[in-house]
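Take a look at the structure set out below.
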Amino acid sequence: TSRWTLVGAPAAGDRRQGVAYLYDADTAGHRRLTPAADAGEFGGAVAVDAGTLAVGAPATSDPGIEGSVTVFTSDGDRWRREARLVAPDTAGNERFGYDVALSGTRLVVGARATDVDGATDAGVAHVYERADGRWTHRTTLARRDAAAYAYTGGSVALDSGTALPNPSPGSPLAGRSVVRFRQPSPPRLNRTARPGPVPVAEKAPTSARSPSSATATPNAASGSAGAG
């Protein structure tokens, strides 16, 4: 069975700084994860892959707080912060970290409120890769037909060399198009498909977003989640 479950509580705290809770099925214990720097809505998005956790903090309307993603890794019986990632070209409230996806050494981060070629809040997704304990920004994924308020990157998925940065529920493109990027050879990701209309189940509006959660794969790192 899966061992680790990560649950975000982005509205916790006086300023909606947020927290995340990591639960250990082996010990029935849990620990509280917090950002190393000022953040907004920490825990708004979470992802787990074996011994790596990613927690998104897409920030709020406070102009003094930028969106970020904190990466944690297991170190024996404990978890530690490995990196804090921000958008490579911050130009305002891009909602970087609105959604996150992990697969091996690759991380995809949605920034759904990024302007693209004059299209307000068209949205993008950023791809990072880890090597020797360092995370490096590899590329930015955006639609060729960028549309205002599409909010691409409001939902992201990743499986090996394929990434899916898709519109948020409530976007005019939600449920009507999917963009898939496939990596033919490192480190470039190419757009390979844009299907037409697809059926989509009814989803809650973005203003009523549920707390996020993720569960680790069966080969998750062993050991208790200690404090620290």
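These numbers come from a predicted model, not from an experiment.
- Ser2 and Ala25 make their closest contact through O-CB, 3.8 Å (heavy atoms, listed as atom of the first residue, atom of the second, distance).
- Considering CG of Leu85 and NE2 of His137, their distance stands at 9.5 Å, rounded to 0.5 Å.
- Of the possible polar contacts, one joining the Asp99 side chain to the Val156 backbone as a donor-acceptor pair under 3.5 Å is found.
- Checked options Ser68, Pro58, Pro35; the residue passing with Phe42 is Pro35 (criterion: side chain to side chain contact (heavy atoms under 4.5 Å, CB included)).
- A pairwise comparison of heavy atoms in Ala11 and Arg16 identifies CB-NH1, 3.7 Å as the closest pair.
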(request) With side-chain contact (heavy atoms from CB on, under 4.5 Å) as the test, would you mind laying out the steps for Tyr151 and Arg95 before giving the verdict? (result) CA-CA 10 Å; Tyr151 301 123; Arg95 301 290 278 171; over 6 Å; no
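- Residues Ala122 and Ala146 share a closest heavy-atom pair of CB-CB, 4.1 Å.
- Arg3 and Thr27 share no side-chain donor-acceptor pair at under 3.5 Å.
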(request) Could you check Tyr21 against Leu6 for side-chain contact (heavy atoms from CB on, under 4.5 Å), going step by step and ending with a plain yes or no? (result) CA-CA 6 Å; Tyr21 297 94; Leu6 184 60; over 6 Å; no
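- The side-chain heavy atoms of Leu141 and Val124, taken from C-beta on, include no pair separated by under 4.5 Å.
- Note on ring orientation: taking the six-membered ring where Trp is involved, the planes of Tyr128 and Phe96 are perpendicular (angle over 60°, cut-offs 30° and 60°).
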(request) Could you please spell out the steps behind the side-chain contact (heavy atoms from CB on, under 4.5 Å) verdict for Asp38 and Gln17? (result) CA-CA 7 Å; Asp38 201 7; Gln17 176 168 314; 3.7 Å; yes
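- Thr5 contributes atom OG1, which lies 8.0 Å from atom CG of Leu22 (distance to the nearest 0.5 angstrom).
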(request) Dump the intermediate steps for side-chain contact (heavy atoms from CB on, under 4.5 Å) on Arg144 and Asp117, then the final yes or no. (result) CA-CA 10 Å; Arg144 289 196 186 100; Asp117 296 333; over 6 Å; no
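- Counting all heavy atoms, side chain and backbone alike, Val100 lies closest to Val46 at CG2-C, 3.7 Å.
- Nearest heavy atoms, Trp79 versus Leu53: CZ3-CG, 3.3 Å.
- The two residues His126 and Ala87 come nearest to each other via the heavy atoms NE2-CB, 4.5 Å.
- Of the residues listed (Leu107, Thr73, Leu102), the one engaging Arg130 in a side chain to side chain contact (heavy atoms under 4.5 Å, CB included) is Thr73, and it is the only one.
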